[in-house]
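Residue numbers begin at 1 in each chain, while the letters A, B, ... track the order of the sequences. Because the structure is a prediction, the values reported are computed rather than measured.
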Amino acid sequence: MPEGHTIHGIARDHAKLFAGRELAVSSPQGRFGSASRLDGRVLAEVEAYGKHLFYRFDVPGPQRVVHVHLGLFGKVATVSEPDPVPPRPTIRLRFVADGGYADLYGVTTCALVTEDERDAVIDRLGPDPLRPDADPGDAWRRVSRSRAPIGGLLMDQSVIAGVGNVYRAELLYRAGLDPWRAGRTLDEQAWANLWSDAVRLLSAGLRTGRIITTAPADRDRTGGRVRAQDAHYVYGRTGLPCRRCGRPVTSAPMLSRTVYWCARCQR
DNA sequence: AACGAATGGGAAT
DNA sequence: TTCCCCTTCGTTC
């Protein structure tokens, strides 16, 4: 689940459900030790940047921001009903308000930090295609100077924040780019196109809650809802025929993550 | 019951 | 580069 669009969706939903309200905060699992310092306090705002979430509370003292990073397995379950079910023992953090509640579990990071620490996290990140203030020029400077493969650069959060393994594969397919090409062999227009497609795809993901990257012409259009097996061009389709040329989709490890591509359509 | 994989990332080597 | 953390779920024994 957790690529940038998921995180921004959680921020949007939690702002609506919790911001400006007093929250009951607990850690059924016990590993979020700061829960009691936030319990009964007002959540001022929720912010998403790349794959990072920040919850700012009205509390005294320098530590007032909960920094959350879901990692590979982390999940957030949000329920817009007033009566919470008893929590599973693995729930790291639970927020409860009058109108609903949310559970976080399996997360890589869940910590109460200062504003400076929050700033430091964001300083390490590249531009986020889902933020209106994003400057793709910052990312281009990194890409244009790098010998690393573009498939790795798209996954590097200090280059561009929010793209994960699914969007990486699909963006490169849609651009016709070989994931193994060095960043510096791209021209500026190729990067501009990649960036604008990232804005388009992640925005669509935020809107629909799903990663759907295939153009209508490249999938079976019968039926209203896009079938799961029609949602992607190459991600998770090793050995299946490319939707456009029929050649079996290739996959290989890149920096310990599987990258998928069509060796004929992507040069 | 055991194992592997999964939309991630940081620290250690 | 390798290892380690986080949790769930489907497959295999």
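Here C/dT7 presents its C1' atom at 14 Å from CG of A/Asp103, a figure rounded to the nearest Å. Rounded to an integer number of Å, the gap from CG of A/Leu72 to P of C/dC6 is 14 Å. When the C1' atom of B/dT7 is taken as reference, atom NE2 of A/His232 falls 9 Å away, rounded to whole Å. If you take NE2 of A/His69 and C1' of C/dT7, they are 16 Å apart, rounded to a whole angstrom. Protein atom OH of A/Tyr49 is 18 Å distant from nucleotide atom P of B/dG8, rounded to whole Å. Distance A/Arg168 CZ to B/dA6 P: 12 Å, rounded to the nearest Å. Straight-line distance from the CG atom of A/Leu70 to the P atom of B/dG10: 14 Å, rounded to whole Å. The nearest whole Å value for the distance from the CZ atom in A/Arg92 to the P atom in C/dC6 is 8 Å.
With both ends at atom P, the span from C/dC5 to B/dT13 equals 14 Å, rounded to whole Å. Only the P atoms considered, B/dA5 is 15 Å distant from C/dC3, to the nearest whole Å. Using P as the reference atom, B/dG4 and C/dC4 are 15 Å apart when rounded to the nearest Å.
At least one side-chain nitrogen or oxygen of A/Thr90 sits closer than 4.0 Å to the OP1 or OP2 atom of C/dT8. Here A/Arg257 reaches the OP1 or OP2 of B/dT7: one of its side-chain N or O atoms lies under 4.0 Å away. When the side-chain nitrogen and oxygen atoms of A/Arg88 are compared with OP1 and OP2 of C/dT7, none of them lie within a distance under 4.0 Å. Phosphate contact (OP1/OP2 of B/dT7, side-chain N/O of A/Lys51, threshold under 4.0 Å): absent.
Between A/Asp178 and A/Arg181 there is no salt bridge, since none of the side-chain N atoms of the basic residue sits less than 4.0 Å from a carboxylate O of the acidic one. For A/Arg227 and A/Asp230, the salt-bridge test passes: some basic side-chain N is under 4.0 Å from an acidic carboxylate O.
At a threshold of 4.0 angstrom between heavy atoms, the contacts of A/Thr108 include nucleobase atoms, whether or not backbone atoms are also involved. Using a 4.0 Å heavy-atom criterion, one finds that A/Gln29 contacts the sugar-phosphate atoms exclusively.
The residue from A/Ile122, A/Ile7, A/Val121 that alone fulfils the side-chain contact (heavy atoms from CB on, under 4.5 Å) condition with A/Tyr49 is A/Ile122.
Contact detail for A/Leu153 and A/Ala148: the closest heavy-atom pair is CD1-O, 3.6 Å. Minimum interatomic distance between A/Trp191 and A/Ile160 (heavy atoms only, all atoms of both residues): CH2-CD1, 4.4 Å.
Residue ring and base: A/Phe73 counts as stacked with C/dT7 (centre distance below 5.5 Å, interplanar angle below 30°).
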